[in-house]
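Nothing here was measured: the structure is a model prediction, and the numbers come from that model. The figures here come from the full heavy-atom set of this structure, side chains too, leaving out hydrogens, waters and symmetry mates.
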Amino acid sequence: AALGEALLALRRDRGETLDEADVEKELGRFTRSPLVLAVVARVTPKHKIPEFEQLCSAAALTQNLLIGAQALGYGAQWLTGWPAHDPGAWRTLGLGAHERLIGFVYIGTPTGAGPDRERPTYRELLSDWCAPDAPAL
């Protein structure tokens, strides 16, 4: 709850106009589950591992957190929202200059099935590629 209050204060200090729904959303942002983990990538510029791969490594860790929590019988969800993309929110969380917020992992006891979302079929996401001189299959 304290982090939600701090992020609400950040938005108000910026002069953002917030309606009652915005205020309630911010105040409840981190109270939806008993545990919320902020996943942070420490990105080392000019390292032998490209920055993109450093971010991908943190994203892979986040996915493994989800899988591990669900394997133990917990419900888990990875969310971002505006704080994941906002340098002011990063400072509120205490992130350093070379750290990036990957997102928040919410972990708790599931109370029911999550809502279905419209998703593309795998055929809409995949394509075939063959070298121009490859024999036909």
Side-chain angles (χ1 to χ4, degrees):
L3 181 54
E5 290 173 13
L7 293 175
L8 176 61
L10 172 67
R11 293 183 69 187
R12 285 182 168 152
D13 289 347
R14 290 181 181 163
E16 292 184 37
T17 302
L18 303 170
D19 63 22
E20 188 174 323
D22 293 328
V23 171
E24 290 303 313
K25 184 174 184 178
E26 291 305 333
L27 292 175
R29 183 177 296 277
F30 300 105
T31 61
R32 291 181 253 178
S33 68
L35 176 63
V36 182
L37 302 173
V39 180
V40 176
R42 180 169 292 155
V43 180
T44 305
K46 299 180 180 168
H47 190 273
K48 68 179 183 177
I49 299 170
E51 290 182 25
F52 176 74
E53 290 181 24
Q54 294 176 54
L55 291 170
C56 287
S57 177
L61 166 98
T62 306
Q63 180 64 28
N64 283 320
L65 284 170
L66 293 174
I67 292 168
Q70 291 172 352
L72 292 170
Y74 295 102
Q77 186 172 22
W78 176 0
L79 298 174
T80 53
W82 72 268
H85 311 285
D86 187 277
W90 301 342
R91 285 188 295 277
T92 299
L93 284 163
L95 273 63
H98 297 293
E99 295 178 322
R100 296 293 173 265
L101 183 60
I102 300 300
F104 300 98
V105 176
Y106 291 71
I107 300 175
T109 302
T111 57
D116 282 336
R117 299 180 195 172
E118 189 172 319
R119 299 184 189 278
T121 67
Y122 78 93
R123 277 283 171 212
E124 294 173 288
L125 300 173
L126 299 178
S127 61
D128 296 323
W129 183 88
C130 292
D133 57 349
L137 296 177

Sequence neighbours left out, cut at 3.5 Å: what donor-acceptor pairs do the side chains of residues 2-11 make with other protein atoms?
from  : atom 1 : to    : atom 2 : distance (Å)
Arg11 : NE     : Glu16 : OE1    : 2.7
Arg11 : NH1    : Glu26 : OE2    : 2.8
Arg11 : NH2    : Glu16 : OE1    : 3.0

**Asked** In the hydrophobic clustering that connects Ile, Leu, Val, Met, Phe, Trp and Tyr at side-chain heavy-atom distances below 4.5 Å, which members other than Val105 occupy its cluster, ordered by chain and number?
**Response** Leu35, Leu37, Val39, Val43, Leu55, Leu61, Leu65, Leu66, Leu72, Tyr74, Trp78, Ile102, Ile107
**Item:** Residues in salt bridge (charged side-chain N to carboxylate O under 4.0 Å, His left out) contact with Arg32, at least two apart in sequence or another chain
**Value:**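 Salt bridge (charged side-chain N to carboxylate O under 4.0 Å, His left out) check on Arg32 returns nothing, list empty.
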**Asked** Taking only residues two or more places apart in sequence, or in another chain, which ones meet Glu24 in a salt bridge (charged side-chain N to carboxylate O under 4.0 Å, His left out)?
**Response**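 Per chain and number, Glu24 pairs via salt bridge (charged side-chain N to carboxylate O under 4.0 Å, His left out) with no residue.
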So which pairs with a foot in [range] pass salt bridge (charged side-chain N to carboxylate O under 4.0 Å, His left out), sequence neighbours left out?
| range | result |
| --- | --- |
| residues 46-65 | none |
| residues 84-111 | Arg14-Asp86, Arg42-Glu99 |
| residues 74-84 | none |

**Item:** Shortest non-hydrogen separation from Ala58 to Ala41 and the atoms involved
**Value:**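 Between these two residues, the closest heavy atoms are CB-CB, 3.6 Å.
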**Prompt:** So, for Ala76 and Ala69, which heavy atoms are closest and what is the spacing to 0.1 Å?
**Reply:**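 Shortest heavy-atom contact: CB-CB, 3.8 Å.
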**Item:** Counterpart residues, side chain to side chain contact (heavy atoms under 4.5 Å, CB included), relative to Asp19 (two or more places apart)
**Value:** Ala21, Asp22
**Request:** Can you sort out the partners of Ala84 under side chain to side chain contact (heavy atoms under 4.5 Å, CB included), two or more places apart, ordered by chain and number?
**Result:**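 Only Thr80, Leu101 meet the side chain to side chain contact (heavy atoms under 4.5 Å, CB included) criterion with Ala84.
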**Message:** Give me each pair satisfying side-chain hydrogen bond (donor to acceptor under 3.5 Å, both in side chains) with a member in residues 105-114, each pair once, sequence neighbours excluded.
**Reply:**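 Listed once each, the pairs would be none.
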**Prompt:** Roughly how far apart are Leu18 CG and Glu20 CD, rounded to 0.5 Å?
**Reply:** 12.0 Å
**Request:** State yes or no: do Trp90 and Leu79 share one hydrophobic cluster built from I, L, V, M, F, W and Y residues joined by side-chain heavy-atom distances below 4.5 Å, directly or via other members?
**Result:** yes
**Item:** Joint cluster assignment, Trp82 & Val40, ILVMFWY side-chain distance < 4.5 Å
**Value:**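 Yes; Val40 is reachable from Trp82 via cluster members.
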**Asked** What pairs meet the ring pair (Phe, Tyr, Trp, His ring centres under 6.0 Å) rule with one or both residues in residues 3-52, with sequence neighbours excluded?
**Response** Phe30-Phe104
**Request:** Kindly indicate whether the side chain of Arg29, heavy atoms from C-beta on, has any atom under 4.5 Å from the side chain of Pro83.
**Result:** yes
Show which side-chain atoms of residues 123-136 pair as donor or acceptor with protein atoms under 3.5 Å away, not counting sequence neighbours.
from   : atom 1 : to     : atom 2 : distance (Å)
Glu124 : OE1    : Thr121 : N      : 2.6
Glu124 : OE1    : Thr121 : OG1    : 3.3

